[in-house]
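Let me begin by presenting the structure, written as structure tokens, before commenting on it.
So you know, we letter chains A, B, ... as the sequences are listed, proteins then strands, and number each from 1.
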There are 2 protein chains.
Amino acid sequence: MRFSSQREAILSYIRGVQSHPTALDIHASVKKSFPSLSLGTVYRNLNQLLEHHLITAIKQDEVVHYDGNISDHQHFRCKNCDSIIDLEFPVRDIVLEHGPRFGHEIHAYELYMTGICKNCKNETK
Amino acid sequence: MRFSSQREAILSYIRGVQSHPTALDIHASVKKSFPSLSLGTVYRNLNQLLEHHLITAIKQDEVVHYDGNISDHQHFRCKNCDSIIDLEFPVRDIVLEHGPRFGHEIHAYELYMTGICKNCKNETK
DNA sequence: TCATAAACAGTAATTATTCCTACTTATCAA
DNA sequence: TTGATAAGTAGGAATAATTACTGTTTATGA
């Protein structure tokens, strides 16, 4: 995989934010420094970066969100403000403990939660 | 919510299979007994059934899959044969145990796994 | 420096899902 | 049992996220 300046800009943008941006978000932001950046290029690069495991995708929503944090963690989406928040649960442990008895080869897992985030909960009080 | 014959046919089809069908699958199958059934009707009913918690949706794939089993369970998708298999992990326990310390109100959770299923693993041996 | 494979921009195409409209049907009160 | 009406349906148009295509540009290794 080559590293074009567009690709680097896209990757460093994703790595630099906590917000789990969508392809459109990424396009809008990176376009500021690359005015000619096309949306197709964003998608192509996202797929390349995914294939090389440099980023991950969150697909539970209608739109795909991307995450530059590739450490083992989970996601929580607030139904009120729609933000996606990183959380850490010991999912790996229960997958390793209970997984083997089903007989399948489990390569990856993902725990996704929804509800009302701390901020929204306090605001409505 | 009224119960039209189409709606009943769609629900009983989903409840009667283990395969986690897509809207197209459901349309194709239920159309055999309701030749005039339109795809729009299938989608509208799926959304109604979801709202009333009579079915659940699996959104990790490119296409949405539907599940008539509303008990607490998890899903595993085989990357080889693409089938989705029900599994039971004690996810509820770790969400109840570790969830509260983050301060968010967790309403729902979903653990999704991918890998190679038992059958495909044995076939390639 | 050059050859070439990969990447790019721009645009067209695809596809799952939703929306819209006119018609039909289930339900419930009189 | 009959009407009124709100909900449901079929069929097709519209939407929107994503992918594919084309001709041009650029990164990389020899």
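When each of C/dA16, C/dC8, D/dA17 is scored by its nearest atom to the side-chain atoms of A/T41, the top-ranked nucleotide is C/dC8. Listed nucleotides: D/dG8, C/dA16, C/dA9. Nearest to the side chain of B/Y43: C/dA16. Proximity note for A/L39 (side chain, C-beta onward) versus C/dA9, D/dT18, D/dA17: the nearest is D/dT18.
Of the residues B/Q60, B/Q74, B/R77, the one that meets the side chain to side chain donor-acceptor pair (under 3.5 Å) test with B/Y112 is B/R77.
Of the side-chain N and O atoms in B/S4, one or more sit less than 4.0 angstrom from OP1 or OP2 of D/dT9. Side-chain nitrogen and oxygen atoms of A/N47 include at least one within less than 4.0 Å of the OP1 or OP2 phosphate oxygen of D/dT19. Considering only side-chain N and O atoms, B/R44 lies under 4.0 angstrom from the phosphate OP1 or OP2 of D/dT9. Not one side-chain nitrogen or oxygen of B/S38 sits closer than 4.0 Å to the OP1 or OP2 atom of D/dG11.
Summarising the geometry, the separation between CD on A/Q6 and P on D/dT26 is reported as 9 Å, rounded to the nearest angstrom. Residue B/Q48 contributes atom CD, which lies 12 Å from atom P of C/dC19 at whole-angstrom precision. In this structure, B/L24 atom CG and C/dA16 atom P are separated by 6 Å, rounded to whole Å. Rounded to an integer number of Å, the gap from B/Q60 CD to C/dA16 C1' is 17 Å. Rounded to an integer number of Å, the gap from B/H52 NE2 to D/dA7 C1' is 12 Å. Atom pair A/D61:CG and C/dT17:P shows a separation of 14 Å (rounding to whole Å applied). The distance from atom CG of A/N45 to atom C1' of C/dA7 is 8 Å, rounded to the nearest whole Å. Atom-to-atom, NE2 of B/H27 to P of D/dT9 comes out at 12 Å; the value is rounded to the nearest Å.
A donor-acceptor pair under 3.5 Å is formed between the side chain of A/N69 and the backbone N or O of A/S71.
Taking the six-membered ring for Trp and the full ring otherwise, the centers of B/F76 and B/F89 sit at least 6.0 Å from each other.
Hydrophobic clustering places A/I10 together with A/L54 (ILVMFWY residues linked when any side-chain heavy atoms are closer than 4.5 Å, directly or through intermediates).
Within the nucleic acid shown, B/F3 has no heavy atom closer than 4.0 Å to any nucleic acid atom.
Interatomic distance, SG of B/C78 versus CG of B/N119, reported as 8.5 Å (0.5 Å rounding).
For A/R2 against C/dA5, a side-chain N or O and a base N or O form a donor-acceptor pair under 3.5 Å.
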